[in-house]
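Just so it is clear, the model here is predicted, and its values are computed rather than measured. Hydrogens, waters and symmetry mates are skipped; everything else that's a heavy atom, side chains included, is used.
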Amino acid sequence: YGAEVRGALHASEGAEARLRAILRVSFSAANFRREAIGAWLNFYVLAQTVPEARRLLSVYQRRLRSNLVACLRPLAGGRAGDIANATGALIDGLYLREALKQTAPDGAAAVAVVLAYVTAELKDSR
């Protein structure tokens with residue numbers, strides 16, 4: 001995941017393109033498939049009781065937030081942190097919902113949901 005994000009960010013110019021890149025990777029076919037979703041859910045449960053898993057989850061969450069804030073700051077100014085926090089929660093929530101569905105994960109639909117939220121928040125920032 002980390003290598004995919006770094007590559008996508010390196011290939012993107014501008015704040016909005018970088019934000020879209022993070023979202024595309026978060027819901028890519030490699031990351032947003034039944035097995036990967038199950039592994040993430042197991043990892044979240046493990047992090048509740050295993051300190052090393054908790055530390056790794058914290059690293060992931062901080063890195064995601066940092067990347068999102070860096071993309072959102074030019075677009076949302078002082079609201080970037082709040083929008084990044086909500087965006088991260090929305091990503092987690094979409095993974096959880098997919099785990100509970102019987103159909104194949106739809107990464108494009110998930111990206112569209114998150115982008116709709118961010119777009120609405122950015123309109124409020126202007």
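Here the closest heavy-atom approach between residue L64 and residue G88 is recorded as CD2-CA, 4.2 Å. For the pair S26 and Y1, the tightest heavy-atom approach, listed with the atom from each and the gap, is OG-OH, 3.1 Å. The minimum heavy-atom distance between L56 and F43, with the atom names listed, is CB-CZ, 3.7 Å. Shortest non-hydrogen contact noted between L72 and A84 is CD1-N, 3.7 Å. Minimum interatomic distance between C71 and P74 (heavy atoms only, all atoms of both residues): O-CD, 3.4 Å. In terms of heavy-atom proximity, L94 sits nearest to A110 at CD1-O, 3.7 Å.
Sorted by first then second residue, the ring-ring contact (aromatic ring centres under 6.0 Å, His included) pairs that include residues 74-94, not counting sequence neighbours, number zero.
For Y44, the side chain to side chain donor-acceptor pair (under 3.5 Å) criterion is met by D92, not counting sequence neighbours. For R18, there are no salt bridge (charged side-chain N to carboxylate O under 4.0 Å, His left out) partners at least two apart in sequence or on another chain. For T87, the side chain to side chain contact (heavy atoms under 4.5 Å, CB included) criterion is met by L23, L68, I83, I91, V114, Y117, V118, not counting sequence neighbours. With sequence neighbours excluded, the residues satisfying salt bridge (charged side-chain N to carboxylate O under 4.0 Å, His left out) with R55 are E52. Evaluation of the side chain to side chain donor-acceptor pair (under 3.5 Å) rule for N31 yields E4, S28 as partners, not counting sequence neighbours. With sequence neighbours left out, the side chain to side chain donor-acceptor pair (under 3.5 Å) criterion links R24 to no other residue. For D106, the side chain to side chain contact (heavy atoms under 4.5 Å, CB included) partners at least two apart in sequence or on another chain are A108, A109. Under the side chain to side chain contact (heavy atoms under 4.5 Å, CB included) criterion, A36 pairs with R33, sequence neighbours left out. Evaluation of the side chain to side chain contact (heavy atoms under 4.5 Å, CB included) rule for R73 yields V69, A80 as partners, not counting sequence neighbours.
Listed by chain and number, the hydrophobic cluster partners of V59 come to none, as no ILVMFWY side chain reaches under 4.5 Å of it.
For R54, the CZ atom sits in a packed shell: over 12 heavy atoms of surrounding residues, nucleotides or ligands are nearer than 6.0 Å. Heavy-atom contacts from other residues, nucleotides or ligands closer than 6.0 Å to CZ of R34 number more than 12.
A side-chain donor-acceptor contact under 3.5 Å links R62 and S58.
A distance of 6.5 Å separates CD in E16 from CG in L75, rounded to the nearest 0.5 Å. Here CD of E121 is found 9.0 Å from CG of D82. Values are rounded to the nearest 0.5 Å. With rounding to the nearest 0.5 angstrom, the CG atom of L96 is 12.0 Å from the NZ atom of K101. Taken to the nearest 0.5 Å, the CD atom of Q61 stands 4.0 Å off from the CG atom of L57.
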For residues 6-13, run the donor-acceptor check on the side chains, cut-off 3.5 Å, and write out each pair with its distance to 0.1 Å, sequence neighbours left out.
| unit_1 | atom_1 | unit_2 | atom_2 | d |
| --- | --- | --- | --- | --- |
| R6 | NH1 | G2 | O | 3.3 |
| S12 | OG | A8 | O | 2.7 |

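The aromatic rings of Y60 and W40 sit tilted, their planes meeting at an angle between 30° and 60°.
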